[in-house]
Amino acid sequence: MRGAFLRFALVGLAGSLVYFALLWSLVDVLHWPVVPASCCAFVLVVVENYLLHRAWTFRSQVPHGRALPEFMLASVLGFGVNAAVMALGVAWLGLNYLAVQLLAIGTVVACNFVGAQRIFRARRTFSHGKDMA
């Protein structure tokens, strides 16, 4: 468990660095509006996180057909929270987008470890064919 959490944290840190680099590039270099730039960067990092969490963090053998849809559903919920926090902080409160993004990331990550453990954990199948968590 501790090893998985450390790997989860490292993947999260790497994802955060990639995310902030993408966000900064889209906003300050390409002059995209902040909220769409945040959403685009979020989607790209979700793909990176899925692949790294499946292969390295949880070393999962759960089929993509089951794990990917569940991971994407959890990410859609996180996407909504991220967009809402960014819109509230930047558009409504006028705060710096990078500072608000730190708060948004913390908010989204709070639930991700528990969700990811559930998604990538292999389920035991008993002889009568029912999956047991």
Side-chain angles (χ1 to χ4, degrees):
M1 172 81 143
R2 191 180 332 201
F5 183 76
L6 179 59
R7 290 187 301 271
F8 185 86
L10 290 172
V11 168
L13 178 61
S16 294
L17 293 173
V18 169
Y19 178 87
F20 276 102
L22 286 168
L23 180 62
W24 177 83
S25 297
L26 292 170
V27 172
D28 288 341
V29 176
L30 298 177
H31 308 290
W32 282 31
V34 171
V35 174
S38 172
C39 294
C40 180
F42 186 95
V43 169
L44 293 173
V45 170
V46 164
V47 172
E48 172 199 33
N49 282 347
Y50 171 78
L51 294 172
L52 289 174
H53 284 319
R54 185 177 191 279
W56 187 59
T57 303
F58 298 104
R59 297 179 179 124
S60 177
Q61 297 300 314
V62 175
H64 288 295
R66 189 187 105 211
L68 183 58
E70 290 182 19
F71 191 85
M72 296 311 272
L73 177 60
S75 297
V76 166
L77 296 174
F79 179 85
V81 170
N82 183 75
V85 171
M86 288 301 289
L88 175 67
V90 174
W92 295 349
L93 299 177
L95 301 173
N96 177 275
Y97 74 94
L98 293 175
V100 174
Q101 191 59 68
L102 284 173
L103 178 62
I105 285 175
T107 304
V108 172
V109 168
C111 297
N112 281 354
F113 182 68
V114 172
Q117 280 185 308
R118 183 194 166 287
I119 291 166
F120 291 115
R121 181 182 62 219
R123 296 180 187 204
R124 296 183 187 109
T125 302
F126 291 92
S127 61
H128 49 77
K130 293 184 179 178
D131 284 345
M132 302 299 285

Interatomic spacing from [atom1] in [X] to [atom2] in [Y] - rounded to 0.5 Å:
X: Leu13; Y: Phe8; atom1: CG; atom2: CZ; result: 12.0 Å
X: Ser75; Y: Tyr50; atom1: OG; atom2: OH; result: 10.5 Å
X: Leu88; Y: Leu103; atom1: CG; atom2: CG; result: 9.0 Å

Please determine whether residues [X] and [Y] belong to a single hydrophobic cluster, defined as Ile, Leu, Val, Met, Phe, Trp and Tyr linked transitively by side-chain heavy-atom distances below 4.5 Å.
X: Val46; Y: Leu17; answer: no
X: Leu6; Y: Leu52; answer: yes
X: Leu51; Y: Met72; answer: yes
X: Leu93; Y: Met86; answer: yes
X: Leu23; Y: Val47; answer: yes

Considering non-hydrogen atoms only, spot the tightest contact between [X] and [Y] and give its length.
X: Gly78; Y: Phe42; value: C-CZ, 3.5 Å
X: Asn82; Y: Ser38; value: ND2-OG, 3.0 Å
X: Trp56; Y: Arg7; value: O-NE, 3.1 Å

query = Taking the inter-plane angle between the rings of Phe120 and Phe58 on a 0 to 90° scale, is it parallel (under 30°), tilted (30 to 60°) or perpendicular (over 60°)?
reply =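 Plane angle under 30°, so parallel.
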side-chain hydrogen bond (donor to acceptor under 3.5 Å, both in side chains) between Asn96 and Gln101, intermediate numbers included = CA-CA 9 Å; Asn96 177 275; Gln101 191 59 68; over 6 Å; no
task = Would you check if there is a donor-acceptor pair between the side chains of Tyr19 and Asn49 at a distance under 3.5 Å?
result =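 There is no such pair between these side chains.
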request  = Indicate yes or no for a side-chain donor-acceptor contact from Arg59 to the backbone of Ala4 under 3.5 Å, with no hydrogens or angles considered.
outcome  = no
message = Donor-acceptor check, side chain of Arg66 to backbone of Ile119, threshold 3.5 angstrom: yes or no?
response = yes
